[in-house]
Amino acid sequence: MTEHVSEAEIREQLAGINPQVADQQLNGKVGLSFTELSPGRVVGTMPVEGNLQPYGLLHGGANAVMAEALGSTVAALNAGAGRAAMGLELSCTHHRAVRAGYVTGVATPLHVGRGTITAEIVITDESGRRTCTARLTCIVRDKPPGA
């Protein structure tokens with residue numbers, strides 16, 4: 001598995017996020033860890049354990065959380081100084097069930113514009129099999145004063 005990106009590096013890449021908000025992100029609750037951060041590619045891993053639905057499978061909502069987190073991070077890294085990217089539309093197709101281990105998500109930008117950024121997020125299991133394909137479109141706006 002790839003070495004995880006430090007919290008300090010994440011904060012440096014996403015400078016300007018309110019630290020009080022940064023400490024309350026959903027990412028920590030689902031166990032999402034970033035392993036690569038760049039405007040062209042954001043990679044993260046998430047444990048299946050703790051993110052199950054009643055039948056013992058990875059919850060589709062956990063896939064959606066991972067996809068939104070990785071895709072919105074790619075968008076934030078591409079938005080530009082003084083700009084903020086916020087999720088507008090998320091679509092997930094769940095291809096294969098996962099029962100154990102970790103999943104890895106890779107987000108890459110498909111479109112980077114002034115008003116919107118769209119990313120594709122591919123989630124795979126530990127064997128490299130695609131388990132979910134997602135697409136996230138973020139709206140890009142000027143950051144509000146004080147944000």
Under 3.5 Å donor-acceptor, N51 side chain and V30 backbone: yes

Mark yes or no for whether Q53, through its side chain, and Y55, through its backbone, hold a donor-acceptor pair below 3.5 Å. yes

Counting C-beta onward and ignoring hydrogens, is there a side-chain heavy-atom pair between [X] and [Y] closer than 4.5 Å?
X    : Y    : value
R135 : E120 : no
T124 : V103 : no
L57  : L52  : no
M86  : L88  : no
K143 : R83  : no
D125 : Y102 : no

Check the pair L58, M46 against side chain to side chain contact (heavy atoms under 4.5 Å, CB included), reporting the backbone distance first and the verdict last. CA-CA 10 Å; L58 179 62; M46 181 179 69; 4.1 Å; yes

To the nearest 0.5 Å, what is the distance between [atom1] ([X]) and [atom2] ([Y])?
X    : Y    : atom1 : atom2 : answer
L32  : L70  : CG    : CG    : 5.5 Å
L90  : L136 : CG    : CG    : 5.5 Å
I117 : H111 : CD1   : NE2   : 8.0 Å
H95  : T93  : NE2   : OG1   : 5.5 Å
R130 : R96  : CZ    : CZ    : 11.5 Å

What's the shortest heavy-atom distance between [X] and [Y], and which atoms?
X    : Y    : result
C132 : C92  : SG-CB, 4.1 Å
L77  : S38  : CD1-O, 3.6 Å
A107 : I121 : CB-CG1, 3.8 Å
A69  : N27  : CB-OD1, 3.4 Å
G40  : P109 : O-CD, 3.4 Å

Cut-off 3.5 Å, side chains only: do T45 and T104 have a donor facing an acceptor? no

Under 3.5 Å, is there a donor-acceptor pair linking the side chains of T131 and H94? no

Between M66 and I123, does a side chain to side chain contact (heavy atoms under 4.5 Å, CB included) hold up when you go through it step by step? CA-CA 9 Å; M66 180 181 220; I123 300 174; 3.9 Å; yes

Determine, stepwise, if the pair F34 / V42 fulfils side chain to side chain contact (heavy atoms under 4.5 Å, CB included). CA-CA 8 Å; F34 291 94; V42 171; 3.7 Å; yes

